[in-house]
Each structure stands twice: as structure tokens, then as C-alpha cells.
Number of protein chains: 2
Amino acid sequence: MSPKPMTRPGGRSARVQEAVHAAVRELVGEVGRDAVTVPMVAARAGVTPSTIYRRWGDLQELLSDVAVERLRPETDPADLGSLRADLDAWAEQFLDEMASPSGRAYIRDALLGDPDGSNAGRCSAYAAEQIDAVLNRAVGRGEPVPDTERVIDRVVAPIMYRILFRPGGQGADYARELVANALHRS
Amino acid sequence: MSPKPMTRPGGRSARVQEAVHAAVRELVGEVGRDAVTVPMVAARAGVTPSTIYRRWGDLQELLSDVAVERLRPETDPADLGSLRADLDAWAEQFLDEMASPSGRAYIRDALLGDPDGSNAGRCSAYAAEQIDAVLNRAVGRGEPVPDTERVIDRVVAPIMYRILFRPGGQGADYARELVANALHRS
DNA sequence: CAGCTAGAAGCAACGGATTCGCATTAAGGT
DNA sequence: ACCTTAATGCGAATCCGTTGCTTCTAGCTG
């Protein structure tokens, strides 16, 4: 949960971290992402700026940290009765959320302050978990299912690539087409 | 070639732009990307910081600008006699270049300081051009070829996704596997 | 070819972000 | 309950980023 290994997770550190995260969320909503500064966050969180610089090192790393938390899915994928329906629904929702202006901003922030790629790795893990849940349900139904990696390569990767490298949104039909390709002769 | 429309392409502006770009390349190599600052670049380029801020607005946009130029492929894809061989070779080289630490850094920088996504769009266009060249050659040979979009979705997107979101490099065999999937029953 | 115009770069000063050393506090273990 | 040490608070010094104004030069016009 913390960007740098927290050797002492107890009370105060956790409180500070939560206060800072909350302050970032509030301020981004109030003054806009580009206007947020470290001293501003520190004041709102009741903390000194040096604390933030020491723990996160950088405004970008802090924003990256917060962005990853907002990219974490809150609910399990819906169960619509079949693998195809579940994947279609999940891919459409994923595309919608990620392609929205705020979604794009969070993705960019998450990648931005992330020298070692660990935050990006967490985003990828979230998607993999959701897909695993869908696939495991399908296995329980006795349906033939593709590999998780295959779904990531065929559905998640193209969606993210287009969002990042090809401004100009894609529709829900594109998501369904990708799902069809992923399930084809699985 | 310039981030903001250059209404006066003549002598001085062009010289300044080239000097600044060269300074960035040198400094990134010398002190590392994270240690580069605008005043540093300005001093090296023999320019005042305000000039850089006015033309690029931001260190990130400047780095993005330089990164895109370094991501531009210098040579056309090799002609090895068959679509499969050409695509294999291209995908392997692409993966190699992009997955290297400096490649990752350039990709991140290109995406980073890019509010409107135009730099990212250029990167995508570079890859599309290279793929088009390979596919057109194959058409000339009478080979059946997949759609460019299909190759992007099946080969380029997974590679970029893994590089960006899954630290922990992929080998050349992964690139070949993706190409095989893209050509399968094309 | 000379003068005009406007865009681009130089200059300087201000405000704020970032860093650093040192004192203080509070976890976690003994 | 005490001790060790990580983590935070505090304040000063530094450097970056920003802005208004001036100067210069490229490109146009007559």
C-alpha cells in the first residue's frame, strides 16, 4: 500500500499516509490536478512538506500512488450467466472507465511517477484479478476458457494501447470485437 | 517537428531548437534523465531558461519532444523474403528497443508531457508505417496479409502493454508467438 | 535595397517549491 | 517500564519556475 517499504506500519505512519491521500483526493477535486502542489497537500493533511518529500520523494510519485488506488476496481465483475456475456460486460466497462478523461488522467499519473514500474504492475494485477474471477466462474460452469494471459494480450492490451497512443475514443463495439477474438477457438 | 506551431521557421528559431534538443540528449546521457533541469539545458544550449519555458512550456514537454524523435525508426524494416520472417524480425527488434531501460524511459517521456496526445499519436504512426511497409511488400509477393490494425492489436499492443505495465522483460520468443497469433488464419 | 512589423529571445526580479540539518516524537521490541 | 530507532516537525538556505519588459532579428513591403 505504501510506495516505499514501511518498516514501521503502526499508528502514526498509517494516519499520515491516509491523511495525505485524502488531502490529495480532495484537492484534485477542488482546484484541479495541475494546480496541486506539495505544500498545499501538506497543509491540508496537517503535515509538513518535508514529510511528503521524504516519504514519496516527489509530487508525481504521490499522485501516482493515489491514482493507482482510484484505479482499483471496487466490485467484482457481474455474473451474467456465460463467459461471453461476462467478458463483454467487463470489457465494455473497462473501456468506458479507462477511456474517460478522468480515467486517462489516472492512467497517465499512475505511469508517470513510477520509476520502477511497480505501480503500473499493480494496475495490471487488478485487471488480471478481475479477468481471473470471470474465467474461474466460467470453469465452474464447465465452459471452455482461454488463458488469462491470452485475454490480457487480446483484450486489455489493445484497449490500453489505443487509449494511450491513439486519442480518439473507441466504442463498446470495439470491446466486443476484441472479446470475440479472444474467445475464438479458445 | 516542433511542439508548438513554429510560425517562423527561419534561421534563429531552428538553431535554438536544435541546440536545445542536442543539449537534452547530452545531459540525459551524462547526468541521467531525472537530474536534468531546464536551467541546466538552457546553460548547455547557450540559451536563457525563459526561452525554453516559452517554447516548450515545461521540462516534460521538452523531454517528450526529444523522446519522440529518438523513437522514430531510422531504417526501413529488413526484407527477408517472406511476411513471416519480416514480421518476426521487426517485432523482435521493436521489442528489444522498446523494452530496454532507455527505451522504456523514452516511451514514458513521450506519453508523459503530452496533454493532447499528439506525441503519442506520432509514436503509434511510426509503428504503423513500418508495419505497412512490411505488409505492402508481402502483398507485392502475392502473400495473403492481415490488416494493419490486426497486427497493431495483436503484436504492437501486447508488447507495449507488457513494457509499460509489466516490468520484467519478455524474450524474443514472445514476439514470435505474437506474430504467429497475428498471422494465424489471416 | 531600405524600412517596417511582429514574433522570438534576452534579462532581471519575484514567489514558491525543494532540500537539508537538527530537534522532537512515538512505534516496536526487550 | 525503558530503550532504540525510525519517522515527523521545524526552519533556513537554495534553486527552480514564472513573468513583465526590453532587445534583436527574420520576413515582408514598397
Side-chain angles (χ1 to χ4, degrees), chain A residues 1-28 30-67 109 112-115, chain B residues 1-24 26-28 30-66 109 112-115:
Chain A
M1 274 219 191
S2 112
K4 311 220 191 279
M6 193 187 302
T7 52
R8 185 175 283 181
R12 188 160 74 156
S13 290
R15 269 198 311 278
V16 167
Q17 164 144 347
E18 181 45 38
V20 169
H21 274 216
V24 169
R25 284 191 296 268
E26 291 171 20
L27 286 171
V28 166
E30 289 174 20
V31 306
R33 181 206 165 285
D34 292 331
V36 175
T37 68
V38 170
M40 213 182 275
V41 174
R44 176 70 63 104
V47 174
T48 62
S50 52
T51 295
I52 295 182
Y53 286 116
R54 269 194 272 266
R55 287 197 40 174
W56 282 274
D58 195 340
L59 177 62
Q60 291 182 349
E61 288 186 43
L62 173 56
L63 287 174
S64 174
D65 218 45
V66 174
D109 282 340
L112 212 122
D114 194 19
Chain B
M1 279 219 192
S2 109
K4 311 219 186 260
M6 192 187 305
T7 53
R8 185 175 284 182
R12 188 159 77 154
S13 291
R15 267 198 313 278
V16 167
Q17 163 144 347
E18 181 45 37
V20 169
H21 274 217
V24 169
E26 291 170 20
L27 286 170
V28 167
E30 289 173 22
V31 306
R33 182 209 165 282
D34 292 332
V36 175
T37 69
V38 170
M40 214 182 278
V41 173
R44 176 69 62 102
V47 175
T48 62
S50 53
T51 296
I52 294 182
Y53 286 117
R54 267 192 267 269
R55 289 204 32 179
W56 283 274
D58 195 341
L59 177 62
Q60 290 182 350
E61 287 186 42
L62 173 56
L63 287 174
S64 175
D65 215 46
V66 174
D109 284 339
L112 215 124
D114 193 21

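Model, not experiment: these values are computed from the prediction. Every chain is numbered from 1 and lettered A, B, ... according to where its sequence line falls, protein lines coming before strand lines.
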- Item | Protein proximity profile, nucleotides 8-14 of chain D - base contact B, sugar-phosphate-only contact S, no contact -, cut-off 4.0 Å on heavy atoms | BBB----
Between [N] ([atom2]) and [X] ([atom1]): distance, integer Å:
| X | N | atom1 | atom2 | result |
| --- | --- | --- | --- | --- |
| A:Trp56 | D:dA7 | CH2 | C1' | 12 Å |
| B:Met40 | D:dC15 | CE | C1' | 11 Å |
| B:Leu59 | D:dC15 | CG | C1' | 14 Å |
| B:Arg15 | C:dA8 | CZ | C1' | 12 Å |
| B:Glu61 | D:dT18 | CD | P | 11 Å |
| B:Tyr53 | C:dA12 | OH | C1' | 15 Å |
| B:Ile52 | C:dG10 | CD1 | P | 9 Å |
| B:Asp34 | D:dC16 | CG | P | 15 Å |

Quick one: closest heavy-atom pair of [X] and [Y], and the distance?
| X | Y | result |
| --- | --- | --- |
| B:Val36 | B:Leu59 | O-CD2, 3.3 Å |
| B:Arg44 | B:Ala23 | CG-CB, 3.6 Å |
| A:Pro115 | A:Glu61 | CG-OE2, 4.3 Å |
| A:Pro39 | A:Pro49 | CA-CG, 4.2 Å |

- Message: According to salt bridge (charged side-chain N to carboxylate O under 4.0 Å, His left out), who are the partners of A:Asp109, at least two apart in sequence or on a separate chain?
- Response: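 Counting only residues at least two positions away or on another chain, A:Asp109 forms a salt bridge (charged side-chain N to carboxylate O under 4.0 Å, His left out) with A:Arg33.
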- Backbone N/O of A:Val66 and side chain of A:Arg25: donor-acceptor pair under 3.5 Å: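 Side chain of A:Arg25 to backbone of A:Val66: no pair is present.
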